[in-house]
Amino acid sequence: MASKANRRKFLRAAGVGAAAAAAVHASVAAASAESASTAKRVKIIGISGSPRKGKTTAAALKIALEAAKAADPERIETELIELADMKLNGNMAAGIPLEPGQQDDFPELAAKLAQPEVGGVIVGSPVYFGSMTSLCKAFLDRCISLRMRRFALANKVGGAVAVGGVRNGGQELTLQAIQAALMCQEMVVVGDGRPTCHAGATVWNSGRDDISQDEFGVSTAKNLGRRVAEVALKIAGAK
Ligand SMILES: Cc1cc2nc3c(=O)[nH]c(=O)nc-3n(C[C@H](O)[C@H](O)[C@H](O)COP(=O)(O)O)c2cc1C
């Protein structure tokens with residue numbers, strides 16, 4: 001109330017009439033509406049490195065992506081990509097060509113990840129003997145071509161999800177292995193945000209291909225998704 005009166009007093013003193021003040025108010029409102037509508041949209045992509053489509057790793061990533069979207073529904077767009085749907089030849093990372101007739105889907109995926117509107121990538125893998133799956137590793141190895149293309153993933157936010165069949169089955173080792181590869185891309189690696197706030201999403205497939213009973217793991221997936229979105233939005237805003 002007092003500040004409104006002070007503002008009127010200031011505008012009168014400055015020789016600004018009511019109509020002019022209204023015009024100023026309207027133009028400020030229009031400018032903020034315009035900046036809100038032109039505020040950069042940011043895409044967060046989740047990549048499941050499970051050979052089993054639609055199972056627990058995909059479920060954990062969906063939870064993370066929903067939380068990312070909830071961070072700013074107007075600006076965040078999400079997409080889940082399942083490597084189980086693709087043909088990825090890991091050896092090509094070392095320059096070994098495909099056999100005649102062999103299919104490889106990496107170039108299309110690489111082009112999608114390199115798009116400037118992609119602000120974050122969350123890589124998820126089941127824990128296989130204390131580390132990521134060979135499918136997830138093949139994908140991360142193939143990303144060497146993005147590194148060679150002037151670090152096309154640089155400054156995109158990276159997060160990791162690991163789902164194991166036991167509570168302490170190597171989720172953190174798996175997260176570290178994924179994160180090491182993301183750091184080689186000059187990505188900005190983050191963990192799960194507050195209040196859990198550790199290395200990323202550590203999820204336990206505690207039922208029969210069901211993670212919903214793992215309250216703690218689900219909360220790490222949510223906190224990871226939100227954190228990736230928050231940092232990606234900050235980076236997009238700073239550009
Ligand atoms: C070859 C293999 C190795 C596994 N090794 C581990 C392990 O070391 N630690 C663990 O917690 N779970 C292990 N698991 C269980 C899977 O990580 C678990 O079932 C996970 O939820 C599978 O993910 P998905 O549902 O996305 O396929 C292993 C499973 C397979 C097939």
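Note that ligands are numbered from 1 as they come in the structure, with each ligand's atoms numbered from 1 the same way.
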>> I want to know if ligand 1 touches F129 in the polar sense, i.e. an N/O pair below 3.5 angstrom.
In response: yes
> Hey, does A58 come in under 3.5 Å of ligand 1, counting only N/O atoms on both sides?
Replying inline: no
What protein heavy atom sits nearest [atom], and how far off is it?
atom	value
atom 22 (C) of ligand 1	P126 CB, 3.6 Å
atom 26 (O) of ligand 1	T57 OG1, 2.7 Å
atom 16 (C) of ligand 1	V127 O, 3.6 Å
atom 21 (O) of ligand 1	T56 OG1, 2.7 Å
atom 18 (C) of ligand 1	G165 N, 3.7 Å

> So does E230 pair up with K234, basic N to acidic O under 4.0 Å?
Replying inline: no
> Under 4.0 Å between a Lys/Arg side-chain N and an Asp/Glu carboxylate O for D192 and K222?
Replying inline: no
Show which atoms of ligand 1 fall inside a sub-4.0 Å distance from at least one heavy-atom site of [X].
X	answer
K55	24 (P), 25 (O), 26 (O)
S50	24 (P), 26 (O), 27 (O)
V163	17 (O), 20 (C), 21 (O)
G169	7 (C), 8 (O), 9 (N), 10 (C), 11 (O)
N205	19 (O), 21 (O)
R52	24 (P), 25 (O), 27 (O)
V166	11 (O)

>> Within the supplied structure, the quantity of interest is the number of heavy atoms (other residues, nucleotides, ligands) at a distance under 6.0 Å from Q102 CD; does it exceed 12?
In response: yes
Under a 4.5 Å cut-off applied to non-hydrogen side-chain atoms, are [X] and [Y] in contact?
X	Y	result
T133	S50	no
L83	D85	no
I81	M86	yes

> Which residues pass the side chain to side chain donor-acceptor pair (under 3.5 Å) test with D214, sequence neighbours left out?
Replying inline: R167
Show the atom names and distances, to 0.1 Å, of all donor-acceptor pairs under 3.5 Å that link a side chain in residues 147-160 to residues at least two apart or in another chain.
residue : atom : partner : partner atom : Å
R147    : NE   : C184    : O            : 2.6
K156    : NZ   : Q115    : O            : 2.9
K156    : NZ   : V118    : O            : 2.9

> Checking side chain to side chain contact (heavy atoms under 4.5 Å, CB included) for the pair T78/I45: CA distance, chi angles, key distance, verdict?
Replying inline: CA-CA 6 Å; T78 63; I45 294 184; over 6 Å; no
> Looking only at heavy atoms of G130, does any of them come nearer than 4.0 Å to an atom of ligand 1?
Replying inline: yes
>> Can you confirm whether the side chains of T56 and D209 place a donor and an acceptor under 3.5 Å from each other?
In response: no
